[in-house]
Peer 1: 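I have a structure here, written as structure tokens, and I will follow up with some questions on it.
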Amino acid sequence: MQEDNKSIWNPAFMKNVQQQQGSQPYVFRNPWNDSNSGSASRSGAAAASTTFSQQLPTTYEEGTQSAEGDEYQFRRRNSSLIVPPSRAAGPGPDAFLYGSQAFPQQNFQYSQDFHRRQSVAVAASHLYSQPSSEAVFQPPTTPFHRKLSAYPVTAGSVLPPPLKQLRRQENTLPLVIPQMRKVSSRQDLHPIVNPTPKYRRASLNSKTVSPLIALTESLITTYTLCSSEFSYQTSKNPKRVLTKPSEGKHNNGNDNVNSDYILYVNDVLGVEQNRKYLVLDILGQGTFGQVVKCQNLITKEILAVKVVKSKSEYLNQSITEAKILELLNTKIDPLNEHHFLRMHETFVHKNHLCLVFELLSNNLYELLKQNQFHGLSINLIRTFARQLLDSLCVLKDNKLIHCDLKPENILLVSLDRPDLKVIDFGSACDETRTIYTYIQSRFYRAPEVILGIPYSTSIDMWSLGCIIAELFLGIPIFPGSSELNQITRIVTTLGLPPTWMLDMGKNSTNFLLKSEGSGKSWRLKSVNEYNKEFQAQEQPGKQYFKWDKLDDIIKNYRIPKKIANSPPLVEREMHDRDCLTNFLKGLLNINPLERWTPQQANMHPFITQQPFTGEWYPPGTQPKRTIKHPSLQEGTTTEFNKLTIDD
Ligand SMILES: Nc1ncnc2c1ncn2[C@@H]1O[C@H](COP(=O)(O)OP(=O)(O)OP(=O)(O)O)[C@@H](O)[C@H]1O
């Protein structure tokens, strides 16, 4: 298993890069100062990652047109907003530290970017060197050029443009033809090391500093030396606003129209001496407020602070979130073993409740987005599923329902290992106090919630099924544009809910019709029927998959090229897909009474990696059987879907 994980995380794109570069990573070496080369290589790596992140493909944005096809353009829904809040969080470059199987596009992207950077370097080096690694260009020998460069002198047609222009102005100087000569050692370069000039700018401690240092890292000192009236205060720096819209409307101008606190970079949250958090950046925005990256000014720790909206309904719900997290962190999972977000403390800042959390990394939606909405490898999905089932086992044992499980609420702990944490307990509740009926984000909403039936911890297992299917497919399996569309998608893929659910559901008649014939069977309303009845403007939903049924959707999902080229790998992939489909069917059982519990799902071969023989039932349950009903005529049978529990 360890091996398995290693192979998932072994960043294959790094291998690609190394192949392109030989075994050594690319290091820029300053020929004049070997001691600098270490730091140069480090900053080079940083620059590489920045450029890499800037090169991230802009993929299917919500509600926008994409040249790559309409089909991936859908809006996702969070608890109550149409535009999901976490979309505000920018993807980090390092998410590419995943296996190449999961990120084929990124490897390509990286290699493209690598070549681009490499070719820039090559272009620059053409100005100064010949194709031969040993031949070195001889800069001009005139006194003028000596002033311009630390290189030994000469000039020629290959000078960079500014030098060329300057040289033309120097028409009194003779034209110097550049000459090439072999260099075999450093001494052959004849470096001119200038002695410290007599009038070099002094620092405050009267040491001399170079013009570069004086105008960069010692700029404040330089200004102070120039003018005794100069004084620098960070508090007077212009502040970058992080909140949108940024116009003050409520709370003495501190809050915007949505009651969000208007946050600026370098703001300090908290007034008490030991509770001060310097705002660094925005991490995400949601229904309840904004999450910002902060530094604790006392401990210097970097953390995430959720600044809750100043409205009472959000405040009350966030107090519940804080209480549940405290319970999870201190009583239920004190050793931090079950993948729950850790909360450090809470405080109030200008009428806003602030929850201080450990800082986590990208959420799973961002991860899929970075992978251009291509699914992840089955091994990686298994690794994630195990952790999520572990969390759900603990929640079920403690009768807690998360109520808002979705990819945006599952975060990677860091980008160098596949560890997850479940966040956002703002909608969580006790199984015995299920007071709200409008819960869960639509794509991940369980059928019993849509139909209006009492619910339990099994709604989280439905959401988990949707999430795992999405991790495989790259896009949501049920991306409903409305509740009608949501239930229509579910029924199209998995069939009608059992009659008892439809008879019992308070909302069933909104979306389904019961024919009054002898069979009294239910059927979905058409969009026209629904629009006519409710004077609504529903549109038929877009089809994102060619196939309707779950088995077909999974079986026919495109096979990554790397696997497609090898028949044994294809065979293994198809077997894994069968196993995954069987697992998903247990999680996406429309009947909440039959849906697997997290403990049952934990025993499935998809999780345990025991051989999968094509069928699997949780221990203690009997397989679906065809039973002859005594009331039926001889020879006719009916199917009893319900699994019976042995004991
Ligand atoms: N501890 C954290 N570390 C890093 N990023 C975080 C953290 N907590 C939250 N985020 C980011 O902020 C986003 C919103 O956080 P959260 O879901 O807690 O807010 P919310 O207002 O409750 O959202 P929702 O609308 O889903 O209810 C997350 O999707 C995530 O990207």
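Numbering of ligands and ligand atoms starts at 1, following listing order.
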Peer 1: Checking contacts here: is it the side chain or the backbone of L411 that comes within 4.0 Å of ligand 1, counting heavy atoms only? Could be both or neither.
Peer 2: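 It is the side chain that gets close, since no backbone atom is under 4.0 Å.
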Peer 1: Under 30°, 30 to 60°, or over 60°: which ring-plane class applies to Y261 and H349, parallel, tilted or perpendicular?
Peer 2: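 Perpendicular: the ring planes of Y261 and H349 meet at over 60°.
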Peer 1: Check the angle between the aromatic planes of Y314 and F288 and answer parallel, tilted or perpendicular using the 30° and 60° thresholds.
Peer 2: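 Plane angle over 60°, so perpendicular.
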Peer 1: Which atoms of ligand 1 are found less than 4.0 Å from any heavy atom of G286?
Peer 2: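 Answer, ordered by atom number: 20 (P), 21 (O), 23 (O), 25 (O).
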Peer 1: With respect to N409, determine whether any N or O atom, backbone or side chain, lies less than 3.5 Å from an N or O atom of ligand 1.
Peer 2: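 It does: an N or O of N409 is found under 3.5 Å from an N or O of ligand 1.
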Peer 1: Answer with side chain, backbone, both or neither: which part of L360 has a heavy atom less than 4.0 angstrom from an atom of ligand 1?
Peer 2: both
Peer 1: Are side-chain heavy atoms of E483 and R445 found at a separation under 4.5 Å?
Peer 2: yes
Peer 1: Between H338 and F340, how do the two ring planes meet: parallel, tilted or perpendicular, split at 30° and 60°?
Peer 2: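 It falls in the tilted class, 30° to 60°.
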Peer 1: Only heavy atoms of L341, strictly under 4.0 Å: list the atoms of ligand 1 that pass.
Peer 2: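 Counting from 1, the qualifying ligand atoms are 1 (N).
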Peer 1: Looking at T597 and Q600, would you say the former's side chain and the latter's main chain have a donor-acceptor pair under 3.5 Å?
Peer 2: yes
Peer 1: Give a yes-or-no answer on whether the side chains of K421 and N336 include a donor-acceptor pair shorter than 3.5 Å.
Peer 2: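 Side chains of K421 and N336: pair found under 3.5 Å.
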Peer 1: At less than 4.0 angstrom from any non-hydrogen atom of A304, what atoms of ligand 1 do you find?
Peer 2: 1 (N), 2 (C), 3 (N)
Peer 1: Using a 4.0 Å cut-off to any heavy atom of F357, which atoms of ligand 1 qualify?
Peer 2: 1 (N)
Peer 1: Tell me which one of K406, M343, E321, R342 gets a heavy atom nearest to atom 26 (O) of ligand 1.
Peer 2: K406
Peer 1: If the contact criterion is a heavy-atom separation under 4.0 Å, does K293 count as touching ligand 1?
Peer 2: no
Peer 1: Quick one: does F288 get an N or O within less than 3.5 Å of an N or O on ligand 1?
Peer 2: yes
Peer 1: Below a 4.0 angstrom heavy-atom separation, can you tell me which part of T287, side chain or backbone, both or neither, approaches ligand 1?
Peer 2: both
Peer 1: Report yes if the side chains of M343 and F425 come closer than 4.5 Å at any heavy-atom pair, otherwise no.
Peer 2: no
Peer 1: Assess the pair H344 and F357: is the distance between their ring centroids shorter than 6.0 Å?
Peer 2: no
Peer 1: So which bit of K306 gets within less than 4.0 Å of ligand 1, heavy atoms only: side chain, backbone, both or neither?
Peer 2: side chain
Peer 1: Just by distance, no angles: are the side chains of S441 and D404 close enough, under 3.5 Å, to form a donor-acceptor pair?
Peer 2: yes
Peer 1: Using non-hydrogen atoms of the residue, decide whether G289 is closer than 4.0 angstrom to ligand 1.
Peer 2: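 G289: in contact with ligand 1 (<4.0 Å).
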Peer 1: Test your reading of the structure: does N363 have an N or O sitting under 3.5 Å from an N or O of ligand 1?
Peer 2: yes
